[in-house]
Structures are given as C-alpha cells and as structure tokens.
Amino acid sequence: MLTKKTKYAVKALMALGRNKDNKPMLISEIAQKEQLPKKFLEAILLELKRSGFLGSKKGAGGGYYMMKKAEDIKLAAIIRVIDGPIALLPCVSLNFYERCDECTSELYCGIRDVMKDVRDATLKILTEASIADMILREDTMQQKLESEKAESLSEEDFKGDFH
C-alpha cells in the first residue's frame, strides 16, 4: 500500500513533470496545483532533492525543478526512497532483505515462494511506470471524461443559447 507521503511525492513530481520548460516551481505553487499540504510537501521535496530526483534554486525565479526527465523517474524508485521496501515480506525484499523470525526454512517456505511471485509481478509494473506515464494516463482519463460529458449533453441543454 502506498503511503500518503509517497502519493504526495508522486503528485509533486507529476506537477513538476508537467512543467514543460522545467522552470523552478515554488512549493506553494506545487501545493496549490496538486492540493497538497504545503508544510508536509516541504519535507518531501527536500527528500526528493537529496535522492537526486530534484534540484532547487534560491532567490527570484527559484524553486524546485526536475533533475531527471519524467520518463526516467520510475515509481519503484520513488517508493523505495520514500517508503523503503516494496516487497510484502522482508525475506523476499531485493534491497531490504531480512530473514523472517518465525521462518524455519526459506528454501521450503510456501508463503515466501508466493510472495516472491507477488514481488516480481509488482516490480515489473512499478519499474516500468514512470512519472511521464502517469501524467499521460491522467490526461487521457480527463480527456475521456470531458468527452463523455460533452456527448451526454442533449439539444435540450443548449435551448436558448442559439437565439
């Protein structure tokens, strides 16, 4: 399950990814665009900066900007930076491995075997999904919704508009 902190990080990166010129954006601007709490966002952006996703510029025209292209920032990387392991069990984690206390044998553990499959399937999706992909998906869904709304309007809805 994604934490609220990770969701905010992704939304902030999406706001910056939509910024075609990659001009620095103020925290308040990102918070307003994505309807995120400004105070919480400050710490998240700082963490993303320390991890190399973002850069920042002080002074007039300053703010945060992307250090990498939106296509190159994958959801798996963001989750690992913000929340840590992706795997549901520590004994199947690739980057945060820990042996389970109650395990008698990792070689013959049916739970571990299934959780490895879950990890692999999840990682496949998360390592392929980029900030650019999520922006495209969001824009496509919004366009589809607007198109469906327009199609559902009848002539009655426009009565009086043409006279």
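Scope of the values below: all heavy atoms of this structure, side chains included, with no hydrogens, waters or symmetry mates.
Atoms NZ and CD1, from K5 and I44 in turn, are 6.5 Å apart once rounded to the nearest 0.5 Å. Atom-to-atom distance recorded for Y65:OH and N19:CG is 12.5 Å, nearest 0.5 angstrom. Here L75 contributes atom CG and L126 contributes atom CG; the two are 5.0 Å apart, rounded to the nearest 0.5 Å. Taken to the nearest 0.5 Å, the CG atom of L54 stands 11.0 Å off from the CD atom of E47.
Salt bridge status for E42 with K38: absent, with no side-chain N to carboxylate O gap under 4.0 Å. Under 4.0 Å is where a charged nitrogen must lie from a carboxylate oxygen, and between E34 and K7 no such pair does.
Side chain of R112 to main chain of C91: a donor-acceptor pair is present (N/O by atom type, distance under 3.5 Å, no hydrogens or angles). Between the side chain of R119 and the backbone N or O of A87 there is no donor-acceptor pair closer than 3.5 Å. Of the possible donor and acceptor atoms, one in the side chain of T122 sits under 3.5 Å from a partner among the backbone N and O of V118.
Annotation: E106, atom CD; neighbour count of heavy atoms from other residues, nucleotides and ligands within 6.0 Å is above 12. Other residues, nucleotides and ligands contribute at most 12 non-hydrogen atoms within 6.0 Å of the CD1 atom of I111. Heavy atoms of other residues, nucleotides or ligands lying less than 6.0 angstrom from CE of M134 number more than 12.
Between K74 and T127, the side chains place no donor N or O within less than 3.5 Å of an acceptor N or O (distance only, hydrogens not considered).
Apart from F96 itself, the hydrophobic cluster it occupies contains nothing, where clustering links Ile, Leu, Val, Met, Phe, Trp and Tyr at side-chain heavy-atom distances under 4.5 Å.
Taking both residues in full, the closest heavy atoms of G62 and P24 are given as C-CB, 3.5 Å, listed atom of the first, atom of the second, then distance.
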